[in-house]
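The block underneath contains the structure these notes are about, expressed in structure tokens.
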Amino acid sequence: MLPIDAAAHSSRWRRRHPVDKAVLGLGLTVLAISLPPWPGAALVLVTALVVLLGPAAVPARRLWRAYRVPLGFCVTGALPLLVQVGGPDGFLTLAPGGPVRAGELVLRTSAASLGVLLFAFTTPMSDLLPRLVNAGVPAPVVDVAMVTYRMSFLLLDSVRRIREAQAARLGHTTRAATWRSLAGLGATAFVRAFDRAARLQTGLAGRGYDGTLRVLVPEARVSPRFTLASAALLTTVAALTFVLERPLR
């Protein structure tokens, strides 16, 4: 199990309905995208951090480990805005207003990423996917997503076991040995993935699979109080953005 999935299963909001957490987490993501980067995205970022570390009780170290990956993509995507190719000043020069646009992009995307992580750290996929059928998503699509989600963990476990076996046999002592081990890892994982898929299909057929995977979903009800509080928080962030934006202009 990935750390973010383990955190979702042990979250303080584990028993809340996914709709409650979607209103808050995805609402913050929408605000980060739609509001001005400054001060809107900055307020969204601070609000998401406070909720994650406070009421949601997500460990700071675990949050940073999950957040640094999308943050790296945000920074990498903003770097091209700093320069321009061609022009009278040379082939590669600093773009006019590039640092400002790059900073706004990093601020907006990093805040939106925190909104998504708020939903991910509090909502296990096993609670979300079965409920998508009631939301109108076709059952075969949900079944494929559930099987893919399960198979991804099995594949990651197989890769970990293969790497440990290769390391125990000194498969990473030299660069050439590392490349050979990497090639063997890819080939073995590919074969095992197909073997597990074939066994899964055989097992489902033997259990009378009729095109729908029926699973038990924990009972949960949408909390009007939590939803209204989330909507009030989102409205406050939006209103505060427009109030602070005028003096900044």
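Between Arg14 and Pro124 there is a side-chain heavy-atom pair separated by less than 4.5 Å. When side chains are defined from C-beta on, Val159 counts as touching Arg163, because their heavy atoms get closer than 4.5 Å. Phe226 has its side chain out of reach of His17: every pair of non-hydrogen atoms, C-beta onward, lies at least 4.5 Å apart. Contact check for Leu114 versus Leu28: no side-chain heavy atoms found under the 4.5 Å cut-off. Contact annotation: the side chain of Leu71 never approaches that of Ser113 to less than 4.5 Å [non-hydrogen atoms, C-beta and beyond]. Using a 4.5 Å heavy-atom cutoff, the side chains of Thr29 and Phe119 are not in contact. Within the 4.5 Å cutoff, the side chain of Ser230 has no heavy atoms near those of the Asp20 side chain. The shortest distance between side-chain heavy atoms of Arg16 and Thr122 does not fall below 4.5 Å.
The closest donor-acceptor contact from the side chain of Arg108 to the backbone of Ala32 lies under 3.5 Å.
Residue Val50 forms a side-chain contact (heavy atoms from CB on, under 4.5 Å) with just one option from Leu52, Thr47, Val46, and that option is Val46.
Residues Gln166 and Ser181 share a closest heavy-atom pair of NE2-O, 2.8 Å.
Note on ring orientation: taking the six-membered ring where Trp is involved, the planes of Trp64 and Tyr67 are perpendicular (angle over 60°, cut-offs 30° and 60°).
In terms of hydrophobic clustering, with Ile, Leu, Val, Met, Phe, Trp and Tyr side chains grouped at heavy-atom distances under 4.5 Å, Ile33 and Phe73 are assigned to different clusters.
A salt bridge is absent between Asp195 and Arg192; no separation between the charged side-chain nitrogens and carboxylate oxygens falls under 4.0 Å.
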